[in-house]
Amino acid sequence: MLAGADRLRANRRRVLTQGLVIGGAAAVGSLPGRALAQETAEGRLKTVLDRGRVIVGTGSSTPPWHFEDEAGQLVGMDVEMGHILANGLFGDRDKVEFVQQAADARVPNLMTDKVDITIQFMSVTVDRARMVDFTLPYYREALTLLFVKDSPFTSLADVQGKGVKVAALQNVYIEDLVKEKIPDAEVLQFDSIANTILALESRRVDTTFADFSTAGWVTAQDPGKFKIAEETWGNHNYAAAVRPGDQRWINFVNEIFLSAMAGLDFAPFHDAYLKYLGIDVPLAPAGFPTQFL
Amino acid sequence: MYDLDWGVVLTHRDAFLSGLWLALRLAAWGLGFGSLIGLALAFARVSGSRPVSALAAAYVEALRNVPLLLLLFMIYFGLPIFAVKTFPPEIAGKLILDGSTSAIVGLALYAGAYLGEVFRGGILAVGHSYREAARSLGLTGWGVARYVTLPIMLRTVFPSLGNTFISLFKDTSLASAIAVPELTFATRELSSDTFRVIEAWAAGGALYLATSFAIALILRAMERRIRWSV
Amino acid sequence: MQVVWDNIGLLLIGLRSTLILSAVTVVSGSAVGLLGGVGLLFGPLPVRGLLRAYVDIVRGLPLLVLIFFIFYGLPAIGLDVRGFEAGALALSLFAGAHVSEIVRGGINAVPKGQIDAAKALGLTFWPRLAWVVFPQAAPSMLPPWINVVVEMVKGTSLVVLVSVNDLLFAATKVAERTANPMPLYLAAAALYFVVNFAISRSGAWLERRLSYG
């Protein structure tokens, strides 16, 4: 799922790709050979180590993934993964440069070597896997519903067949996505996540259709105001992506991620997961390496 | 190059036309209620009572200096939140206006601030002698306003009223941000559903243009007819 | 309201973008309007016709429609404009059309005798315009021009709908982080008010100065 205001740009990009076929996919086909040759000779890992910092492409306006805190600092789970990567590479979590990019620039910026890696709530899809190499996944996104705390509804089943009003972020496919689960819903589309939350808070809608991570974040900010539906659907993975064809680089990134998610560098990952996603991840138990399942 | 396909506009003409019709209705209601607010403000401004006049002036300044989009957000989202916090549920439920009503309230409040100044100018333009004459005929304060000041003033402010209606008609486009299915909403939906961006926006734009021109022509004709004969 | 104070720095950064966008729009719109107004009056027939079409079309369209048209339309014909550029272009075109009409009206209101006198003094077209017509037209053009400036500052709030990082977008971002939008919208409204109130007050002050001078 694309979240946040980035979705708007993504919609616009759809227009480009459908109308003109000059989107990300086309860019792959027309890549100059120069950059690629340099890659095979040296490898991205050496380039990054020589440079002394890793360049990470991410977004800037979607909590809990990448957003500005009160001080204007870029924080969030995606951003934390960037710091974890820097720590693995250099032993210094600050040797990372974040390039803020719109969601529709995620693949093109990899292909043109503007970034070493994209860590930006990227849903793993087979289509995308044709263009990029995905790292190990670090989150399972899903769709769910938000309710106000005192709502009589608590689950998807509660709102089916009642002709409820549903707020959702404006998107080409959103109407179908909602009606797939709530066929009799009246869908009200808004321009920002903020306004979908307001629609709920002002009782204009019975529920707001949201990504699981967004719903979790919103609820965590004010547990007295909102609650999340019991079920999720459309579950899928978020992973970072690199330019395809550099096995050494992706292996190394994966080792760093694995060490953070299930190994000796677990602590910062665990704390960030709790802080941004509200999930107290247990360290994978000793014995059989279950993290590979 | 981009191949134009105007067929999609024709197949979606119902959404366009109902969006246009809704926009016109929103603007008309906005003008109607806005005029009432404007009249109240204008009489408050010329009332001679300092606090009343200051209050009216503050209203005008506040409304004219804040973006309409934010005003719509406050009415559409803010009012119900306030109502739910303040009143028992039965009353709060009644205060949750639907999108179109919220848009009308916003447009009326907004237009009222502009019309208040227009009407004030209109009232001041009604010569002192008319009011003197009316008083000497035995009309009291309200009677002077109702039978002398208002009719004469309305003729002088008619062109401004017409222009305000056209502005309001264009301003209804903002109601799309609070999920009101007016013309901009319909255009945007067509544009994102079919990816026929140019066709959708050209058609939506043309409808706005043609309608504003048509309104302007009608108003000019009406202006000539009521041009004052006093 | 605590949420507003905690994030006032971010709101002010957003306000700065709004002011920059407004300034760009007002400057370029006024330049377009100055040329447009002169062209509407004195240009050769085809130029007059084109300018009339531009002014009437843009003035007949909602600003929001113009913004969407440019933001979504230009990429469709192969020009990849970003939100800021699309917003600035739409707002400038909008301001340009309105200022054109103001300039046309202002120049028209200058007594014909003044122009004849300047001709008699041997002044050619541009000096005549710059030294005789314009200074006399300026006082009558100022109030509507100030109105356009205020309308443009308010108009910039619409670019939030195409994800430009303006004041309203800054407020929206904080709102999404804190899941508490209403106080932030109120704060944004207050900031817009302060800016616009200051502009219209200084405009009124300038008006009084000019009318005495």
Side-chain angles (χ1 to χ4, degrees), chain A residues 3-20 22-23 60-64 66-73 75-76 100 102-105 108 146 169-170 190-202 214-223 225-226 276, chain C residues 2-17 64 67-87 157-188:
Chain A
D6 292 335
R7 231 183 270 228
L8 179 63
R9 293 203 130 259
N11 279 354
R12 199 164 72 121
R13 178 65 59 177
R14 291 284 310 184
V15 169
L16 278 181
T17 48
Q18 300 246 341
L20 282 175
I22 60 162
S60 63
S61 57
T62 316
H66 36 255
F67 59 101
E68 289 167 0
D69 65 8
E70 281 91 342
Q73 289 295 313
V75 295
Q100 295 185 13
D104 58 3
L146 261 175
L169 192 64
Q170 204 153 56
F190 294 95
D191 294 286
S192 62
I193 290 178
N195 286 355
T196 64
I197 298 170
L198 272 178
L200 190 63
E201 204 184 337
S202 61
T214 309
W217 177 260
V218 167
T219 320
Q221 298 320 299
D222 200 338
K225 217 148 75 177
F226 306 106
Y276 297 120
Chain C
Q2 188 58 40
V3 63
V4 173
W5 300 124
D6 289 346
N7 295 285
I8 194 72
L10 295 176
L11 293 182
L12 292 177
I13 291 172
L15 177 63
R16 192 180 60 189
S17 321
L64 182 60
I67 292 173
F68 279 145
F69 191 53
I70 288 174
F71 181 72
Y72 290 106
L74 289 188
I77 58 166
L79 295 166
D80 196 10
V81 288
R82 302 181 66 85
F84 183 88
E85 293 140 14
S157 68
L158 300 188
V159 299
V160 73
L161 300 177
V162 294
S163 290
V164 177
N165 218 341
D166 72 329
L167 170 55
L168 191 48
F169 194 59
T172 307
K173 280 204 288 190
V174 177
E176 287 174 0
R177 168 158 54 75
T178 58
N180 192 9
M182 214 57 224
L184 293 151
Y185 283 166
L186 285 169

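Protein chains get the first letters and strands the later ones, always in sequence-line order, with residue 1 at the start of each.
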Would the distance check show the side chain of [X] and the main-chain N or O of [Y] forming a donor-acceptor pair, the cut-off being under 3.5 Å?
{"X": "A/Ser61", "Y": "C/Lys173", "answer": "no"}
{"X": "A/Trp217", "Y": "A/Tyr276", "answer": "no"}
{"X": "A/Glu70", "Y": "C/Asn7", "answer": "no"}

Grab the two heavy atoms, one from C/Leu10 and one from C/Arg177, that are nearest each other, plus how far apart they are.
CD1-NH2, 3.4 Å
Note: vs chain C, highest number of non-hydrogen pairs under 4.5 angstrom among A/Ile197, A/Leu198, A/Thr196, A/Val218 is A/Leu198
Name the region of A/Glu201, side chain, backbone, both or neither, that has any atom closer than 4.5 Å to a heavy atom of chain C.
side chain
Which portion of C/Thr178 sits near chain A, non-hydrogen atoms under 4.5 angstrom:
backbone
